[in-house]
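Following: one structure in structure tokens, then a few remarks.
The chains referred to below are lettered A, B, ... by the order of the sequence lines, with proteins before strands, and numbering in each begins at 1.
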Amino acid sequence: MKDITKEIEIAAAEAVKAIYQADIPTGDFLVTSTKKEHKGDYTLVTFAISKALRQPPPQIAAAIGEYIQRTRSWVSGTEVLQGFLNISLSTAYWNEVLVDMQGNPDFWKPSQPREKVLVEFSSPNTNKPLHLGHIRNILLGWSMSKIFLACGHEVNKVQIVNDRGIAICKSMLAWQKFGEGITPEKAGIKSDHFVGEWYVRFEKEFSAEYKLWQETDDAKAHYSKRKETEQSEQDFFKAYKNVYFNTYSDLGKEARELLLKWEYHDHDTIALWKKMNGWVYAGFEDTYKSLGVSFDKLYYESETYLLGKDLIEDGLKRGVFYKKDDGSVWVDLTDAGLDHKLLLRSDGTSVYMTQDLGTAQKRYDEFGAERMVYVVADEQNYHFQALFAIMAKLGAPYAPGLHHLSYGMVDLPEGKMKSREGTVVDADDLMADVVEEARVAAKDREMTDPEIIRRIGMAALKFFIIKVDPRKRMTFDPKASVDLQGQTGPYIQNAYVRVQSILRRAGEVSGSYEGYELNEDEKLLLNMLGQCRHIVDSAAREYSPALIANYAFTLAKEYHRYYHEVKVLQAETEQAKFFRLILIKLIGDILAQSMDLLGIEMPERM
RNA sequence: GGCUCCAUAGCUCAACAGGAUAGAGCAACGGUUUUCUAAACCGUAGGUUCCAGGUUCGAACCCUGGUGGAGUCACCA
């Protein structure tokens, strides 16, 4: 299909050469779509080239305009406003665009050189159910995967499950001590929530124990000896909690012993660990299913946490890393503007970074990933900078293809989500709420189909989250997220449903739109459809599904307006009717395709 | 404290590479339905783009300095 922006650039370069005998590369021309309030479809901005040509912008614009109108059949008119050359395109051009789109169902897909792309997202801990923060993560990861796929890449969706460590041991211990063999089935609780409750139980018991200890003379002695100046007793004990856990706490000791047993592969401990993690996985599976996402491969931290040591050895041998006297291994990243980073503890055990190095290598070996995208919240920006810098130092072939899709945390209107204050929004509860809200709204409209209601509710939730630029921190207002009107998922669904409704009534149609003069709205809509591939292309390059969300909304908005402007089935002429049926079919398709890229499903009626 | 990111209408968000008069939605107010489904459309009102300088034909965007907020700076993950 013709890339009209490119065509205009070429024509302008040609004009400049013919008129001013000057060579200006096509890339130096700035072509944008014309602002709505002005006449025209595309605009050439001439300020930037004015210096090179030593002519005032309006004169250049006029000269180029005259030239391209004379030499290009697809130009129907031009208009100069200051340094802006507004170009109107001919009916023949628009007809050609329509024919091209009709003949090629993939016209909206950008073409990028095929790559093997790995996208890591979700990556939960196994001691708690998924929450609102995970939802943003998952929607971003899922959507990026779909976008890469649409760009022609080979995509592998993976998550790394943090299934080991002290956290799950806390849940295990609490269940062991107080659970009396109860199971999720017996308790009638979704299994991942069940495990989460034992984690909470542990924290509760531990806090009680800590509180008691604070009353002892031993504790008071610590406070008076180690408090910093002006630190209140309360602040001191808050800050001291971890130290207490690791040195004095009985529960802490038991939990650490459990972790140790796990590391020594103690039979009973492993069995318990498997049982509780199994519960969690079953619960996660449900949540993923509700969200409509899936993974190609799961990595478990219990299987990867020892990886990476050989890379460290190799790096040491090659002098990329260095060893301190105590035996710990470090890397100097000051030349990358970072710090010195620990890679192996003095006792030879690995840290998070070691594991990540090893996992990346493993993925490269297994999948040949040329690009690896990590969807991880922005609190880990520094970690990924360091990780990538180390990869580059090691000269890993995949180092240039590493990318951290860093997204901002999700806040509530009242502020940060805090597990301690119980303000964390649970993923399952949230989905149930939005679907329930959709059900209530559907009642007035005499609509009861549960699948349609589910799609509407989920669209509201997903769109509310994915429309925001990933890099920015966002505020999640539960009330606003269930809105079904305005800038929402259901608004876009409604536009699609309106298209389907007309198409259903129209039935099988044949005819011709030969000679039909399309109006300004139709040109705008057609042009917007043509933009889709650029939007998808940008979304992939900028790692931002939000671009597609905003595009889909704008398209839906234009369509809703158009819907009120013109009649399709009772159009003035047969040509008009035929043309419009084709146009709205394409609009419906693109709305559905772009929403699909966001992981949002369309209902056929609503 | 060092480094990084953010600040746009009352609220939630846009603004393509530095381009024309900074746009949507929500909330408020007023209108549109014998209709291809009103989860829609049209209109009114709402702005010192945090502040002060600078760069240029042109700045929400780039530079400098400030203010406010967030994150991070572990032999945690």
Side-chain angles (χ1 to χ4, degrees), chain A residues 27 30 32-38 43 45 47-48 50-51 56-57 81-84 86 125 162 165-167 242 301 305 324 326-330 337-339 342-347 349-353 355-356 377-383 385 406 408-409 411 413 416 438 441-442 444-445 447 456 460 464 467-469 471-477 479-481 483-495 497-499 501-506 531 534-535 538 542 546-547 549-550 553-554 556-557 559-571 580 584 605-606:
Chain A
L30 178 64
T32 63
S33 35
T34 304
K35 288 249 164 193
K36 236 176 168 177
E37 57 267 32
H38 298 294
T43 296
V45 187
F47 293 96
S50 141
K51 212 170 246 170
L81 263 139
Q82 299 158 49
F84 300 96
N86 296 331
N125 292 321
N162 299 302
I166 195 71
N242 263 332
E301 202 191 56
Y305 81 111
K324 281 192 180 173
D326 63 6
S328 57
V329 178
W330 295 74
L338 303 169
D339 225 327
L342 177 85
L343 295 174
L344 276 184
R345 294 193 185 98
S346 47
D347 63 5
T349 57
S350 43
V351 290
Y352 187 38
M353 187 65 80
Q355 185 188 148
D356 269 5
D378 62 8
E379 59 188 346
Q380 292 195 38
N381 282 354
Y382 187 82
H383 171 76
Q385 276 178 36
S406 162
M409 304 283 229
D411 289 325
K416 286 188 71 165
D444 310 333
R445 310 166 60 88
M447 222 266 302
I456 294 171
F464 187 82
K467 73 174 181 188
V468 181
D469 184 340
R471 289 169 303 200
K472 291 193 179 167
R473 224 183 154 88
M474 68 171 286
T475 305
F476 183 87
D477 182 349
K479 278 210 274 298
S481 72
D483 271 353
L484 309 175
Q485 277 142 17
Q487 195 177 28
T488 66
Y491 174 94
I492 300 168
Q493 290 178 322
N494 185 231
V497 163
R498 284 181 146 177
V499 169
S501 166
I502 295 175
L503 293 179
R504 265 197 305 272
R505 279 165 187 266
Q531 299 294 341
H534 297 294
I535 301 289
S538 303
E542 293 170 36
L547 296 178
N550 287 315
F553 171 70
T554 312
K557 191 173 152 57
Y559 175 69
H560 275 307
R561 208 167 57 78
Y562 179 65
Y563 178 89
H564 281 267
E565 281 305 310
V566 306
K567 296 263 175 288
V568 176
L569 295 176
Q570 281 93 47
R580 285 171 189 169
I584 67 166
R605 304 163 193 271
M606 63 194 285

Table of protein N/O atoms under 3.5 Å from nucleotides 73-77 of chain B N/O atoms:
residue: B/rC75; atom: O3'; partner: A/Arg345; partner atom: NE; Å: 3.2
residue: B/rC75; atom: O2; partner: A/Ser346; partner atom: N; Å: 3.2
residue: B/rC75; atom: O2; partner: A/Ser346; partner atom: OG; Å: 3.3
residue: B/rC75; atom: N3; partner: A/Ser346; partner atom: OG; Å: 3.0
residue: B/rC75; atom: N4; partner: A/Asp326; partner atom: OD2; Å: 2.1
residue: B/rC76; atom: OP2; partner: A/Arg345; partner atom: NE; Å: 2.5
residue: B/rC76; atom: OP2; partner: A/Arg345; partner atom: NH2; Å: 2.2
residue: B/rA77; atom: OP2; partner: A/Tyr352; partner atom: N; Å: 3.3
residue: B/rA77; atom: O3'; partner: A/Glu301; partner atom: OE2; Å: 2.8

Report all interatomic pairs (protein N or O, nucleotide N or O of nucleotides 31-37 of chain B) with separations under 3.5 Å.
residue: B/rC36; atom: O3'; partner: A/Arg505; partner atom: NE; Å: 3.2
residue: B/rC36; atom: O2'; partner: A/Ser501; partner atom: OG; Å: 3.4
residue: B/rC36; atom: O2; partner: A/Leu569; partner atom: N; Å: 3.2
residue: B/rC36; atom: N3; partner: A/Val568; partner atom: N; Å: 3.0
residue: B/rC36; atom: N4; partner: A/Tyr563; partner atom: O; Å: 2.8
residue: B/rC36; atom: N4; partner: A/Val566; partner atom: O; Å: 2.1
residue: B/rU37; atom: OP1; partner: A/Ser501; partner atom: OG; Å: 2.0
residue: B/rU37; atom: OP2; partner: A/Arg505; partner atom: NH2; Å: 3.1
residue: B/rU37; atom: N3; partner: A/Met606; partner atom: O; Å: 2.9
residue: B/rU37; atom: O4; partner: A/Met606; partner atom: O; Å: 3.0

Check: protein-nucleotides 2-12 of chain B nitrogen or oxygen pairs below 3.5 Å:
residue: B/rA7; atom: OP1; partner: A/Lys472; partner atom: NZ; Å: 3.4

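Among the heavy atoms of the strands lying under 4.0 Å from A/Ala48 is at least one base atom, whether or not backbone atoms are also near. The residue A/Ile584 sits apart from the nucleic acid: no heavy atom pair falls under 4.0 Å. As judged by a 4.0 angstrom heavy-atom cut-off over every strand, A/Leu30 is placed among the base-contacting residues. Among the heavy atoms of the strands lying under 4.0 Å from A/Thr43 is at least one base atom, whether or not backbone atoms are also near. Residue-level contact check: A/Asn86 touches the bases, meaning some heavy atom is under 4.0 Å from a base atom. Residue A/Gln82 is classed as having no contact, given no heavy-atom separation below 4.0 Å to the nucleic acid. Nucleic acid contact class of A/Phe84 (heavy atoms, under 4.0 Å, all strands): base.
When each of A/Lys467, A/Lys472, A/Arg471 is paired with A/Asp469, the side chain to side chain donor-acceptor pair (under 3.5 Å) condition holds for A/Arg471 and for no other.
At B/rA40, none of the side-chain N or O atoms of A/Lys557 fall inside 4.0 Å of OP1 or OP2 (strictly under the cut-off).
The salt bridge (charged side-chain N to carboxylate O under 4.0 Å, His left out) search around A/Lys36 returns A/Glu558, not counting sequence neighbours. With sequence neighbours excluded, no residue forms a side-chain hydrogen bond (donor to acceptor under 3.5 Å, both in side chains) with A/Arg504.
Stacking between A/Phe47 and B/rG19 is present: the aromatic ring centre lies within less than 5.5 angstrom of the base six-membered ring centre, and the two planes differ by under 30 degrees.
Separating the CD atom of A/Glu542 from the C1' atom of B/rC61 is a distance of 14 Å, rounded to the nearest angstrom. The NZ-P distance, from A/Lys36 to B/rG19, rounds to 20 Å in whole Å. Taking atom NE2 on A/His38 and atom C1' on B/rU21, their separation rounds to 8 Å, with Å as the unit. Distance A/Phe553 CZ to B/rC41 C1': 13 Å, rounded to the nearest Å.
For RNA chain B, runs of at least 3 consecutive pairs of the Watson-Crick or G-U wobble type, with both hydrogen-bonding distances under 3.5 angstrom, map to B:1-7 with B:67-73, B:10-13 with B:23-26, B:28-32 with B:40-44, B:50-54 with B:62-66.
Classification of the A/Tyr491-A/Phe553 ring pair by plane angle, with boundaries at 30° and 60°, yields tilted.
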